[in-house]
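In what follows, a structure is listed as structure tokens, so that the remarks can point back to it.
Ligands are counted one by one from 1 in listed order, and the atoms in each one are counted from 1 as well.
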Amino acid sequence: MTQTLDAWRITEQPAYQASNDEIAYYTAAYGARLPVMLKGPTGCGKTRFVEHMAWKLRRPLVTVSCHEDMTASDLVGRYLLGPEGTHWQDGPLTLAVRFGGICYLDEVVEARQDTTVIIHALTDDRRILPLEKKGELLTAHPDFQLVISYNPGYQSVLKDLKESTKQRFCAMDFGYPDPAVEGSIVAAQAGISDGLARKLVQIAGKSRNLRGHGLNEGASTRMLIHAGRLVAEGLTLRQACSLAVVTPITDDPDMRAALDAAVDACA
Ligand SMILES: Nc1ncnc2c1ncn2[C@@H]1O[C@H](COP(=O)(O)OP(=O)(O)OP(=O)(O)O)[C@@H](O)[C@H]1O
């Protein structure tokens, strides 16, 4: 069976509101074919940004959510047994390398280090991917680029990228957008008024101040969009925030009470 990247082409513009110069930075990194690391908390727009850039640069985007059971074969490919015997099937990384896509490894630190080292030869001047089981040394297509995401807040000494991996990448910091930008993202994507979106952003601000004081992370932009959608479905702000923000984010009764109070103060 012939494999292509057609299924990974993004045909409709993914909505993305820029906060700073991230589009220019990324465009330059892609122009120089340098690998990029996007750093930031969950749900702040990293994936949406890569989707937007892949669309803008007209490159197919192959996204892989990394996890600790992921093996090198899951990324690179493997021999499969079919009716006509065994045949090689490229994994998602190999497809992007072979046909010139952008490969986005989401939460790469979750993958085992023996998996992450396979990207080393791809992310220095060599730009090669050894397919050991197939006995092929694949040189990356000129349009190939590797992007990884990384949440610095979750890392521990035991679970961090190796220095030799980090130092191969350009890196861009992502945070939650400024309140005005975040409000307009939430209003547009949840289909709610600007006033209501502003309230949700205020609530998020209060939860973000509790980070490190009982919360691992404050409410993300993604959560605010979910809460907004629930209000659009007919829930009150308090109900929507309970369902989409407060209950998912913490099990601690005191912390839930503090967040409920923050919601009431903004309602
Ligand atoms: N700048 C932005 N412009 C438009 N939409 C945004 C922006 N930032 C966040 N969003 C919205 O927030 C949602 C969550 O963002 P996204 O999935 O990109 O987060 P993420 O940082 O990749 O999270 P994770 O690390 O959990 O994968 C998106 O689906 C999108 O609706």
Side-chain angles (χ1 to χ4, degrees), residues 8 10 12-27 35-57 61-68 70 92 102-111 116 145-156 159-161 169 171-192 194 196-198 200-205 207-208 211 215-233 240-241 243-245 248-250:
W8 280 276
I10 300 174
E12 280 184 31
Q13 177 173 1
Y16 180 76
Q17 295 195 37
S19 286
N20 289 304
D21 294 334
E22 64 266 34
I23 293 182
Y25 277 34
Y26 187 98
T27 306
V36 171
M37 171 175 1
L38 306 179
K39 295 180 158 188
T42 183
C44 73
K46 301 183 296 297
T47 304
R48 179 59 65 91
F49 174 69
V50 186
E51 289 168 351
H52 180 82
M53 292 309 303
W55 170 82
K56 211 175 166 66
L57 296 165
L61 176 67
V62 180
T63 299
V64 182
S65 295
C66 299
H67 55 84
E68 61 186 18
M70 195 172 80
I102 295 173
C103 183
Y104 178 47
L105 302 180
D106 196 4
E107 286 298 331
V108 71
V109 82
E110 292 299 328
T116 43
Q145 187 198 28
L146 187 69
V147 182
I148 61 177
S149 78
Y150 173 82
N151 184 337
Y154 297 161
Q155 266 54 75
S156 65
K159 215 175 195 190
D160 198 357
L161 286 178
F169 286 81
M172 296 166 63
D173 276 331
F174 276 71
Y176 306 114
D178 284 346
V181 175
E182 192 168 30
S184 96
I185 293 169
V186 174
Q189 295 195 29
I192 55 172
D194 290 340
L196 182 57
R198 265 198 302 276
L200 285 167
V201 172
Q202 270 181 332
I203 294 166
S207 76
R208 290 167 192 168
R211 181 166 180 253
L215 283 187
N216 292 331
E217 228 29 293
S220 62
T221 310
R222 176 190 289 131
M223 282 187 148
L224 304 187
I225 295 169
H226 290 174
R229 285 196 188 141
L230 293 170
V231 175
E233 288 292 324
C241 286
L243 190 56
V245 179
I249 218 170
T250 178

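For Ala111, the side chain to side chain contact (heavy atoms under 4.5 Å, CB included) partners are Cys66, Met70, Thr115, Thr116, not counting sequence neighbours.
Near ligand 1, residues Ala15, Tyr16, Gln17, Pro41, Thr42, Gly43, Cys44, Gly45, Lys46, Thr47, Arg48, Asp106, Ile185, Gln189, Thr221, Arg222, Ile225 each place a heavy atom inside the 4.0 Å sphere around the ligand atoms.
Among the candidates Gln189, His226, Glu182, the single residue satisfying the side-chain contact (heavy atoms from CB on, under 4.5 Å) test with Thr221 is Glu182.
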Q: Determine, stepwise, if the pair Tyr26 / Val147 fulfils side-chain contact (heavy atoms from CB on, under 4.5 Å).
A: CA-CA 10 Å; Tyr26 187 98; Val147 182; 3.3 Å; yes
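A donor-acceptor contact closer than 3.5 angstrom is absent between the side chains of Thr42 and Glu217.
Counting only heavy atoms from C-beta outward, the side chains of Glu51 and Tyr104 never approach each other to under 4.5 Å.
Residues Trp8 and Val62 share a closest heavy-atom pair of CD1-CA, 3.5 Å.
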